[in-house]
Amino acid sequence: MKRVKIFGITVVILLLCMAGRVCESRAANVTGVLGEEGKLFEGKRKQLPAFHSIEADLTDLDLKIVSMKKQSSCLSYFIYCKNDKNPFTYAVNNGVLYLKETGIKNLSKEELKLKIGKKWWKYSPKVTLYIPKNTVIKNSKINMKKGNLAIGKETRYKDMNVQVKGGDIALSSLRISGTAKINTAEGNIAAATLVVPGSLQITTKDGDIAWVGFKVSGNTRINSTNGNIVVRTDKKNFNSLTVTGRTKYGNMLVIGNGKKKTSGDGLYYKKNGSGKGKLNITTKYGNILLK
């Protein structure tokens, strides 16, 4: 069990650092470093018509969604690449914001280091979407391949479907009132202080999942095939939850009441709660820390 405790602390720290990296802003300026091997496509706070839904189809771009005090939405983007034409387009049609990437010819790590120096890693391509604080996005369909996704503080959603293949996902202080599915194949998922009165399913195949400040009143499922899962909440919220947890080949540490028992080659945990919230955690090869 000692190994599980160390794992829990490590994963939380690493994933919170990951969230910070995804949200990192580019304070430096690339003016003067452009040449035959690099071209800059940049848009700063471009105002958008009103929209109620988002459809994003991105390959290399990182995507960050945050709230703002202003009443109109806008976006910024930064792409330093070898493309002759801007590989990113956006448009609002019939109340839907479409974000589309056609393929970025990235500079290699060595080329970026040579042109920019020590802060080369800040120049990965990125789109930032700013949404008015009280706006509810009715439907979000986000498909990403290599980029990272960060959905930030005080943004609100009804239904959401997120599919990320190779990037990481960071979720912080957002509200989901309807049904949401958030999946990544190879990346990690970090979540903090989400408000979920609806239904939420978080899944990763090879990544770890860490959720700090877990508070839900709906039905939440957290699944990983090969990764570890950490969920941290306060005693009051834990007591109100109905919880089931299962790991086939990993270890499990649960701090709280309920019963943990051996189930085949793995471990199974069950606890009834006093409230409406339900939490189901499963991993095949990973460890589970619930406290």
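Because the structure is a prediction, the values reported are computed rather than measured.
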How close do [X] and [Y] get, heavy atom to heavy atom, and via which atoms?
{"X": "I104", "Y": "P87", "value": "CG1-CG, 3.6 Å"}
{"X": "S177", "Y": "K158", "value": "OG-CA, 3.6 Å"}
{"X": "T244", "Y": "K270", "value": "CG2-CD, 3.3 Å"}
{"X": "K105", "Y": "C81", "value": "O-CB, 3.4 Å"}
{"X": "D84", "Y": "K39", "value": "O-NZ, 3.3 Å"}
{"X": "N188", "Y": "D168", "value": "N-OD1, 2.8 Å"}

Heavy atoms, side chains only, cut-off 4.5 Å: are [X] and [Y] in contact?
{"X": "R45", "Y": "M68", "value": "yes"}
{"X": "V92", "Y": "Y98", "value": "no"}
{"X": "T247", "Y": "Y285", "value": "no"}
{"X": "V162", "Y": "I169", "value": "yes"}
{"X": "L107", "Y": "K82", "value": "yes"}
{"X": "N106", "Y": "D60", "value": "yes"}
{"X": "M160", "Y": "I182", "value": "yes"}
{"X": "R246", "Y": "Y269", "value": "no"}

Open item on the list: Here's a test for you: under side-chain contact (heavy atoms from CB on, under 4.5 Å), which of N161, N143, N93, V96 qualifies with E55?
Closed with: V96
Task: Among I176, N134, T135, the one residue meeting side-chain contact (heavy atoms from CB on, under 4.5 Å) with R156 - done: N134
TODO: Take I65 and I131, measure what side chain to side chain contact (heavy atoms under 4.5 Å, CB included) needs, and give me the verdict at the end.
DONE: CA-CA 7 Å; I65 304 175; I131 300 174; 3.5 Å; yes
Quick check for you: to the nearest 0.5 Å, what is the distance between [X] atom [atom1] and [Y] atom [atom2]?
{"X": "N148", "Y": "T184", "atom1": "CG", "atom2": "OG1", "value": "9.0 Å"}
{"X": "D62", "Y": "L149", "atom1": "CG", "atom2": "CG", "value": "9.0 Å"}
{"X": "K126", "Y": "S76", "atom1": "NZ", "atom2": "OG", "value": "9.5 Å"}
{"X": "I229", "Y": "W211", "atom1": "CD1", "atom2": "CH2", "value": "12.0 Å"}
{"X": "K248", "Y": "T283", "atom1": "NZ", "atom2": "OG1", "value": "12.0 Å"}
{"X": "Y80", "Y": "E42", "atom1": "OH", "atom2": "CD", "value": "12.5 Å"}

Distance-only, no hydrogens or angles: does the [X] side chain make a donor-acceptor pair with backbone N or O of [Y] under 3.5 Å?
{"X": "N287", "Y": "N228", "result": "no"}
{"X": "T242", "Y": "N272", "result": "no"}
{"X": "T262", "Y": "L267", "result": "no"}
{"X": "D234", "Y": "N237", "result": "yes"}
{"X": "K278", "Y": "R221", "result": "no"}

- [ ] Report the C-alpha separation of K133 and K69 in whole Å, then their side-chain angles, then the decisive distance to 0.1 Å, and conclude whether the side chain to side chain contact (heavy atoms under 4.5 Å, CB included) test is met.
- [x] CA-CA 6 Å; K133 187 175 181 180; K69 293 182 179 180; 5.5 Å; no
Open item on the list: Would you say that more than 12 heavy atoms from the other residues, nucleotides or ligands in this model lie under 6.0 Å from the NZ of K276, or not?
Closed with: no
Task: Over 12 foreign heavy atoms within 6.0 Å of NZ, K146 - done: no
Is [X] linked to [Y] within one hydrophobic cluster, defined over Ile, Leu, Val, Met, Phe, Trp and Tyr using a side-chain heavy-atom separation of less than 4.5 Å?
{"X": "L129", "Y": "F41", "result": "yes"}
{"X": "Y77", "Y": "Y130", "result": "no"}
{"X": "L97", "Y": "V66", "result": "no"}
{"X": "L241", "Y": "V195", "result": "no"}
{"X": "M144", "Y": "Y90", "result": "yes"}

Test item: side-chain donor near acceptor, [X] and [Y], under 3.5 Å:
{"X": "T282", "Y": "N223", "answer": "yes"}
{"X": "T193", "Y": "S173", "answer": "yes"}
{"X": "S199", "Y": "N219", "answer": "no"}
{"X": "Y157", "Y": "T155", "answer": "yes"}
{"X": "D159", "Y": "N139", "answer": "no"}

- [ ] Starting from the C-alpha separation in whole Å, work towards a yes-or-no answer on side chain to side chain contact (heavy atoms under 4.5 Å, CB included) for L99 and L75.
- [x] CA-CA 10 Å; L99 306 176; L75 67 76; 4.0 Å; yes
TODO: Applying side chain to side chain contact (heavy atoms under 4.5 Å, CB included), run through M252 and V254 and close with a yes or a no.
DONE: CA-CA 7 Å; M252 183 187 300; V254 180; 3.9 Å; yes
